[in-house]
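Owing to the predicted nature of the structure, the values given are computational and were not obtained by experimental measurement.
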Protein chains: 2
Amino acid sequence: MDKLILLKHIESQIEVTDLVLSQIVSYFENETFGKKEILLPEGSNCNKLFFVSKGCLHLYFYDSLGNKKTTQFAIENWWLTDFLAFQKEGVSNFYIEAVENSEVLSISSMNLKQLLADFPQMEKYFRVIYEIAYGSALMRLKYIYSYSKEDIYFKFRDDFPDFIQRAPQYLIASFLGLTPEYLSEIKKKEVS
Amino acid sequence: MDKLILLKHIESQIEVTDLVLSQIVSYFENETFGKKEILLPEGSNCNKLFFVSKGCLHLYFYDSLGNKKTTQFAIENWWLTDFLAFQKEGVSNFYIEAVENSEVLSISSMNLKQLLADFPQMEKYFRVIYEIAYGSALMRLKYIYSYSKEDIYFKFRDDFPDFIQRAPQYLIASFLGLTPEYLSEIKKKEVS
């Protein structure tokens, strides 16, 4: 069932036959993670890329004061890892944790290399995925640099209502560079 | 001469024959831009992707107070555009300007589509480029969220000494989310 979600997503981005799709799935593993379970600890070898078929993951680190800072979320149809470390097969600069109970398809760096060698059309799929992800990261930097702390929350709420519904408030605060107390204040204004 | 730099870069990332390389170049145009010349204005149709063969470009916007904010730099061997707008062939959310006299290879979205259709091996090249760029953008968010304003400059100086040497100080300040005055203060401490 999980794998169908990935295959549908691949089909939505590239032209691919049913036969190829049925072969692609064998490179992936189904994994399930409970809420707050760690998929990848910071400082460990980053050799897995994750596709969310159900649930929500986040990529985070601890700042010098020991606060958890969320750098990226991933809900259904999104990919997540420490991409820089994954490409170099190096040590992760981030943690990845399940925000809620999640079903994930994972692929090791070795399997991904093999998949791309066996099915070069998957290069296009990942090219498109990373192009959008990179473009979105630059847009997020624009938000961070251009909106006031209050406006950034409202802008984010309007652009990504799904996240606001399901992610805990402290994670949204961290993602937007706000303290949980400050976000709480903003949300009180929203209600009143 | 400019085109050779691009071909060498492509060769460094993917396996490709000399014949293919000689055909790829015809999809690109040589362009030169003077210092402070605008390559892409915000609000215009974003249908070009730029490869820097000499010089330096930056992607920026104006915040609500009218301050120029640099979201991304590109020196030799880097690609630059508003990637989100380029992919959708939509309106740019950023300006692109030459920081210094620059030589650039540009490709239109139409030509890039044709290039990828004619030479699917170029999908791998761009997949790798975007994977690194996206991973780096996430690392930059980690810097912004984790270092103090002073530390972020020193970290950046140590990681990217080339940028510090050649980019004007006001652009570096903007890129790091600092005011030019604040960066000036930090740099005074550096000397003393």
Side-chain angles (χ1 to χ4, degrees), chain A residues 14-15 42 46 49 59-65 67-72 79-88 90 92-94 112 116-117 120-148 151 174-178, chain B residues 14-15 42 46 49 59-65 67-72 79-88 90 92-94 112 116-117 120-148 151 174-178:
Chain A
I14 60 169
E15 280 182 39
E42 184 180 344
C46 180
L49 174 60
L59 183 82
Y60 68 95
F61 63 93
Y62 288 98
D63 69 10
S64 55
L65 301 172
N67 299 313
K68 227 169 172 175
K69 298 276 186 175
T70 295
T71 314
Q72 187 61 56
W79 294 87
L80 197 63
T81 192
D82 175 348
F83 292 92
L84 220 49
F86 182 71
Q87 208 201 36
K88 296 175 187 165
S92 178
N93 287 291
F94 299 93
L112 182 59
L116 293 169
Q121 60 267 57
M122 286 298 288
E123 292 284 3
K124 178 175 181 174
Y125 173 75
F126 284 106
R127 189 265 299 165
V128 172
I129 296 299
Y130 293 148
E131 190 174 1
I132 295 172
Y134 178 46
S136 303
L138 293 180
M139 273 305 286
R140 185 159 150 230
L141 281 160
K142 182 173 176 176
Y143 284 7
I144 291 174
Y145 283 172
S146 61
Y147 293 108
S148 70
D151 287 348
S174 171
F175 185 66
L176 299 176
L178 311 173
Chain B
I14 61 167
E15 281 182 38
E42 184 180 345
C46 179
L49 174 61
L59 184 81
Y60 67 94
F61 63 94
Y62 288 98
D63 70 9
S64 55
L65 301 172
N67 299 314
K68 228 169 172 174
K69 299 275 186 176
T70 295
T71 313
Q72 186 62 56
W79 293 88
L80 197 63
T81 192
D82 175 347
F83 292 91
L84 219 49
F86 182 72
Q87 206 199 39
K88 297 175 187 164
S92 179
N93 287 290
F94 299 93
L112 181 59
L116 292 169
Q121 60 267 59
M122 286 298 288
E123 291 284 3
K124 178 175 182 175
Y125 173 75
F126 284 106
R127 189 263 300 165
V128 172
I129 296 299
Y130 293 148
E131 189 174 1
I132 296 172
Y134 179 45
S136 303
L138 293 180
M139 273 304 288
R140 185 159 149 231
L141 281 160
K142 181 172 177 176
Y143 284 6
I144 291 173
Y145 283 171
S146 61
Y147 293 107
S148 70
D151 287 347
S174 172
F175 186 66
L176 299 175
L178 310 173

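- Few gaps surround NZ on K68(B); more than 12 heavy atoms of other groups in view lie less than 6.0 Å from it.
- Note: Y134(B) OH to I132(A) CD1 = 11.0 Å, rounded to the nearest 0.5 Å.
- No side-chain heavy atom of D82(B) sits under 4.5 Å from any side-chain heavy atom of L138(A).
- Applying the side chain to side chain contact (heavy atoms under 4.5 Å, CB included) test to E131(A) and every residue at least two apart in sequence or in another chain returns R127(A), F86(B), Q87(B), Y130(B).
- Contacts between L65(A) and chain B at a heavy-atom distance below 4.5 Å are absent for every atom of the residue.
- Contact annotation for F61(A): only side-chain heavy atoms (C-beta onward) come within less than 4.5 Å of a heavy atom of chain B.
- The greatest number of non-hydrogen atom pairs below 4.5 Å with chain B, out of S136(A), A133(A), A137(A), is found for A133(A).
- Looking at K69(B), the atoms closer than 4.5 Å to chain A (heavy atoms on both sides) all sit in the side chain, from C-beta outward.
- Note that CZ of R140(A) and CG of L84(B) are 13.5 Å apart. Values are rounded to the nearest 0.5 Å.
- Of the listed residues (N67(A), T71(A), D63(A)), the one with the most heavy-atom contacts under 4.5 Å to chain B is T71(A).
- Heavy-atom distances place the side chain of L116(A), and not its backbone, under 4.5 Å from chain B.
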